[in-house]
> 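My structure is below; once you've seen it, I'll send some questions.
Protein chains get the first letters and strands the later ones, always in sequence-line order, with residue 1 at the start of each.
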Amino acid sequence: MDPGFPLRCGRDDGICCSQAELRKRMTTGLLIVQILNGLQFGILLFLVAAGLTLVFGVMDFINLAHGVQYMLGAYLAVTFVALTGSFVLGLVLALAAALVFGLALEFLVFRHLYERDHLDQVLATFGLILLLNQGVKMVWGAAPLSVPLPAFLTGNVALMDGILYPTYRFALIGSGLAVGALLWFIVEKTRTGMLLRAGASNAPMVSALGVDIRKLFMIVFAFGTMLAGFAGAMAAPILSVEPGMGDTVLILAFVVIVIGGIGSIRGAFVAALIVGLVDTLGRSFMNDLLRLFMSAPSARATGAALSSMLIYLLMAVVLFVRPEGLLPARGRT
Amino acid sequence: MTSAATTAEVTSVAPPRERAKVVLPAILFLLLALAPLAVTIGMPAGWLALLTRALIFAIAALSLDLILGVGGLVSFGHAAFLGIGAYVTGIMITEGKSEALVILPVILGVCALFGAITGAVCLRTRGVAFIMITLAFGQMVYFLAQALSTYGGDDGLTLYEKSSILGFNPFANRTSFYYSVLIALAGAYLLVRGLVASRFGRVLRAARENPVRVSVTGFDVTRVRLIAYVISGMLAGLSGFFLANHTEFVSPAFMSWQRSGELIFMAVLGGVGSLHGAIIGAIAYLIAEDALSHLTEHWRVIFGPMIILLSLIHI
């Protein structure tokens, strides 16, 4: 039989394509969807990592509780969206509440830790995670919650024939990019941003030049809290909202920061997209890739193990080649 | 003659700090050796199991104290070594090799290899980045264990047999298990103490204070730190061996990043860098955890603020 014999491919218009071509179209479609998923994941990671990298860079403060801010953003979104019945209003209220909570934490705990060594910071913020993860469980319960998709963003966008992608995820990518652009504008073009960059390069010098470094710290901190809360609230409709959801994101944000270079927003952006894409594509295509040169069961086992380790291996390679990260903050040694 | 007398006097009256370094650990180990007697005079039998568990974690906390307290390197991925030790034990017992003298060399080898590779990468950075990278590597092993579907994956692996040593089964009996762990702990303590007192330990301590000065003096700081990191990981692997035998179950949760955080807390609680402090810290932590979790299922709500307060008032 002729191997190129046209087969029916299920399309009603009677246009037929070869089996190989059909498979190719499906793979292309899947690839596009997965790339978009990777971008969307990367954008979420960027929102969390941006605030964290500034806190590290400017204050040399390791805040493990940053992931908890992300989780709180999501939980507050659950409550306020349910309360107001409007996604946008709920989002705004959740952001405001996340900010107030973050500032309260700054006042009560973090403020007393800036001068301490990293060990104290790690322990205190670790205690905070234990407290808040459990606290969330007591207030909202241990069962996963969700936020309904906003009505104006339900539905799908057709990418090519037969391949749909949810509108909300596009909105998420778009709003993340918008926040990224806003951040770029603030950091590169405003006076506060200038002080931030200077602080990330050499905080004691900025302080010596007469800038109120405490106030700067507070602005940085408030900013980071808002971004993490925003990421959590935006993720709430597509991920399940549960205690401990911030921990995974926190560790991935660490990987992003280390790859991008501590204190560098540009680095965080590039690294977040790389990590998002590598992780998502690795998880979806590693099996098929390994199938090319090993049997199906061993490919499945190896693929599962390898794809979950992929970003950490990537981080190790980047660190080995460039210990200061891909795009380190300028003037930082 | 007078000078000789003065010397004798000086050596006999050691400074209080030095004396504490000998007396406190001696009392500690004496109490631990006598602890099983408490069961015979009426303490509940579960108490000895708790104490055994505490001593197992004491080995891990002690090993962490070598790099964290003595070396000044805040490693947030130490539970990975504990987990590797537990998983190697679990996998080898499942595969029918329960002889401890076969399992232990494999654990030490795997932990040394993992420590050497990750340590070489981690030690290229300092400060905050070091904390984050050790955490990330710990997480990597965690996800690897989750993906091990042949050996239980996310659900963990139940052990239907304990390890034996040359035909003896010291882990079958509660008291002999306790003493096995205590002997291992004492051995680990003497090893780490010997290391700290040696020239190697002095370089490690000096590098914590001022790495630049030490490297200018001609020592390879990274190499010394890497060796300490590897030894510390191997000892933590040893505690993983006991932990798997004690719980008769291993799961990815053994090496979750919270576990790494708990190990840091144990090492800090008893006084960081003092070695016997890590043992006291581990025992105190496990007893407090046990007591609080009997009190309420939300014990972390009490425990979290306790950790925050203790680090705020700078223990």
Side-chain angles (χ1 to χ4, degrees), chain A residues 52 56-57 60-62 64 108-109 112-113 116-135 137-138 244 247-248 250-255 257-258 261-262 300-313 315-320 322-325, chain B residues 68-69 72 74 76 117-118 120-133 135-150 153 256-258 260-262 264-265 267-269 272 296-315:
Chain A
L52 201 54
F56 282 141
D60 195 32
F61 174 62
I62 180 157
L64 298 180
L108 287 173
V109 182
H112 313 287
L113 291 167
R116 299 290 190 75
D117 59 8
H118 292 140
L119 192 56
D120 285 336
Q121 298 171 352
V122 162
L123 271 180
T125 51
F126 175 67
L128 213 53
I129 294 179
L130 291 186
L131 168 69
L132 291 176
N133 272 345
Q134 195 69 38
K137 218 178 271 183
M138 287 168 78
D247 302 352
T248 341
L250 173 83
I251 293 161
L252 289 177
F254 280 173
V255 174
I257 290 167
V258 167
I262 289 178
R300 207 176 309 124
T302 324
L306 202 58
S307 58
S308 58
M309 287 167 58
L310 207 54
I311 50 167
Y312 302 102
L313 296 176
M315 177 192 76
V317 171
V318 168
L319 270 180
F320 207 77
R322 296 183 66 128
E324 70 284 354
Chain B
L68 184 137
V74 182
F76 210 127
I117 294 171
T118 59
V121 176
C122 298
L123 287 170
R124 289 176 70 88
T125 61
R126 278 182 303 274
V128 167
F130 182 82
I131 302 175
M132 290 193 277
I133 293 158
L135 177 55
F137 275 127
Q139 209 59 13
M140 183 179 88
V141 182
Y142 174 80
F143 286 123
L144 179 66
Q146 270 195 341
L148 275 180
S149 47
T150 329
S256 72
W257 70 284
Q258 281 96 337
S260 295
E262 286 167 15
I264 295 182
F265 185 54
V268 172
L269 189 61
V272 68
T296 161
E297 60 163 319
H298 299 302
W299 59 275
R300 286 197 177 85
V301 174
I302 308 169
F303 219 81
M306 262 167 59
I307 298 180
I308 300 172
L309 276 178
L310 281 173
S311 45
L312 280 183
I313 59 170
H314 204 79
I315 39 175

> Does any non-hydrogen side-chain atom of A/Ile311 lie less than 4.5 Å from one of B/Phe143?
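In short, these two side chains do not touch, never coming nearer than 4.5 Å.
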> Below 4.5 Å, heavy-atom pairs only: which of A/Leu113, A/Val255, A/Val122 has the largest tally toward chain B?
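Among the listed options, the one with the most contacts to chain B is A/Val122.
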> Where on A/Leu310 is there a heavy atom nearer than 4.5 Å to chain B: the side chain, the backbone, both, or neither?
neither
> Side chain, backbone, both or neither: which part of A/Phe320 has an atom under 4.5 Å from a heavy atom of chain B?
both
> Quick one: what part of A/Met315 sits under 4.5 Å from any heavy atom of chain B, side chain, backbone, both or neither?
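Side chain only.
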> By a 4.5 Å heavy-atom criterion (distance strictly below it), what part of B/Phe76 contacts chain A: side chain, backbone, both, or neither?
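Side chain only.
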> Taking side chain as everything from C-beta outward and backbone as N, CA, C, O, which of these in A/Leu252 sits under 4.5 Å from a heavy atom of chain B? Side chain, backbone, both or neither.
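The answer is neither part of A/Leu252.
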> With a 4.5 angstrom heavy-atom cut-off, which part of A/Leu132 approaches chain B: side chain, backbone, both or neither?
neither
> Identify which of A/Ala305, A/Gly135, A/Ala124 forms the greatest number of heavy-atom pairs closer than 4.5 Å to chain B.
A/Ala124
> Chain B heavy atoms under 4.5 Å from A/Leu128: which part of the residue, side chain, backbone, both or neither?
both
> Is it the backbone or the side chain of B/Ile117 that comes under 4.5 Å from a heavy atom of chain A, or both, or neither?
neither
> Only pairs of heavy atoms separated by less than 4.5 Å count here; which of A/Phe254, A/Tyr312, A/Phe61 has the most with chain B?
A/Tyr312
> Based on non-hydrogen pairs under 4.5 Å, which of A/Ile62, A/Leu64, A/Ile251 is most in contact with chain B?
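Greatest number of close heavy-atom pairs with chain B: A/Ile251.
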> If you count heavy-atom pairs within less than 4.5 Å of chain B, which of A/His118, A/Gln121, A/Gln134, A/His112 leads?
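Greatest number of close heavy-atom pairs with chain B: A/Gln134.
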> Looking only at heavy atoms and a cut-off of under 4.5 Å, which of B/Ala147, B/Gly72, B/Ala136 has the most pairs with chain A?
B/Ala136
